[in-house]
Amino acid sequence: AQSVTQPDIHITVSEGASLELRCNYSYGATPYLFWYVQSPGQGLQLLLKYFSGDTLVQGIKGFEAEFKRSQSSFNLRKPSVHWSDAAEYFCAVGAYNQGGKLIFGQGTELSVKP
Amino acid sequence: EPEVTQTPSHQVTQMGQEVILRCVPISNHLYFYWYRQILGQKVEFLVSFYNNEISEKSEIFDDQFSVERPDGSNFTLKIRSTKLEDSAMYFCASKGQLNEKLFFGSGTQLSVL
C-alpha cells in the first residue's frame, strides 16, 4: 500500500537549534517526494521536492532534505531554526504520471522556543 | 508569486444542504485538484480535473461530490447533501504542466452542523 509516515506528531526546538523532521514512505513506483509547510490560516506552501538526480535537495527558507532510497526516507533538515519556522510540515509522495495526486503524511507540528 | 484563491474561507451549513466551494486557479494552469483535511487527519486527495473532465478520483469522491469548471477561471466543488463527516478543510490546487509544482489555495473550512 502507498503511504507516508511522519513519526513525530509534534516537535519543539529552541530557536537557533538544528531541526530534522522524519518522513518514511511506501510507494510502488519511482517516488517523487515533497515537503510542504502550512502556517495557521494559510495554504500549503512547497518547501522542496525531489524528482531525480542529487539526493540532497535544497529548498526555500534554508531547508534541505535528503532522499535515501535504501531507508525509504526523505527527512527534512534545517541547521538553525527561526521562530518564524513554527508551522505544520507535511511530507508527500507522488508519481510523475499521476500528476498532482499526492499522498500526504500526517504532518509534524513544529514549535520554536525562544 | 501567483496564488490559488479559495472562497469562502469558512462555510457553515446544515446537514443535508448542498454546498459549493469555489476556487480560482492560477490563470494559465491546466490541471486542477481538490484535497481535504479532516481535523487531526492527513491531507487526502479527492479529485483531479484536466481538459474539462475528471482524470482521477479517490474513493472518498462518491456521487455526492461533483466538480465543474463553469467558465475559464473558476473551479468548483459541489457536495449535494452534506453529512457531518464532510466537515473538513478543503484545499484547491492547480498546476501548469504535469511536472511542475502544485500550488495550493489557503483552503475553505467547511463545518456541517
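Proteins come first, then strands; the chains are lettered A, B, ... in the order of their sequence lines, and each starts at number 1. Given the structure is predicted, the values throughout are model-derived calculations rather than measurements.
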For atom [atom1] of [X], is the number of surrounding heavy atoms from other residues, nucleotides or ligands below 6.0 Å larger than 12?
| X | atom1 | value |
| --- | --- | --- |
| B/E3 | CD | no |
| B/D71 | CG | yes |
| A/I9 | CD1 | no |
| B/L39 | CG | no |

Check: B/K101 side chain, A/K49 main-chain N or O, donor-acceptor pair, under 3.5 Å:
no
Does B/G40 offer a backbone N or O that forms a donor-acceptor pair with the side chain of A/Q106 under 3.5 Å?
yes
So which residue, B/L46, B/V4, B/V43, ends up with the most heavy-atom pairs under 4.5 Å with chain A?
B/V43
Do [X] and [Y] share a hydrophobic cluster, counting only Ile, Leu, Val, Met, Phe, Trp and Tyr and linking them when any side-chain heavy atoms are less than 4.5 Å apart?
| X | Y | result |
| --- | --- | --- |
| B/F65 | B/L110 | yes |
| B/I60 | B/I79 | yes |
| B/F32 | B/F61 | yes |

Under the side chain to side chain contact (heavy atoms under 4.5 Å, CB included) criterion, do A/L44 and B/Y35 qualify, and how do the steps go?
CA-CA 11 Å; A/L44 295 163; B/Y35 283 78; over 6 Å; no
Rounded to the nearest 0.5 Å, what's the gap from OG on B/S55 to NZ on A/K101? Could you check?
10.5 Å
When rounded to the nearest 0.5 angstrom, what distance separates CD in A/Q45 from OG in B/S106?
12.5 Å
Does B/Q37 form a side chain to side chain contact (heavy atoms under 4.5 Å, CB included) with A/E88? I'd like the steps, not just the answer.
CA-CA 13 Å; B/Q37 184 183 24; A/E88 185 106 26; 5.7 Å; no
Do A/Y36 and B/L102 touch side chain to side chain, with heavy atoms closer than 4.5 Å?
yes
Is chain B contacted by the side chain of A/Q6, its backbone, both, or neither, given a heavy-atom distance below 4.5 Å?
neither
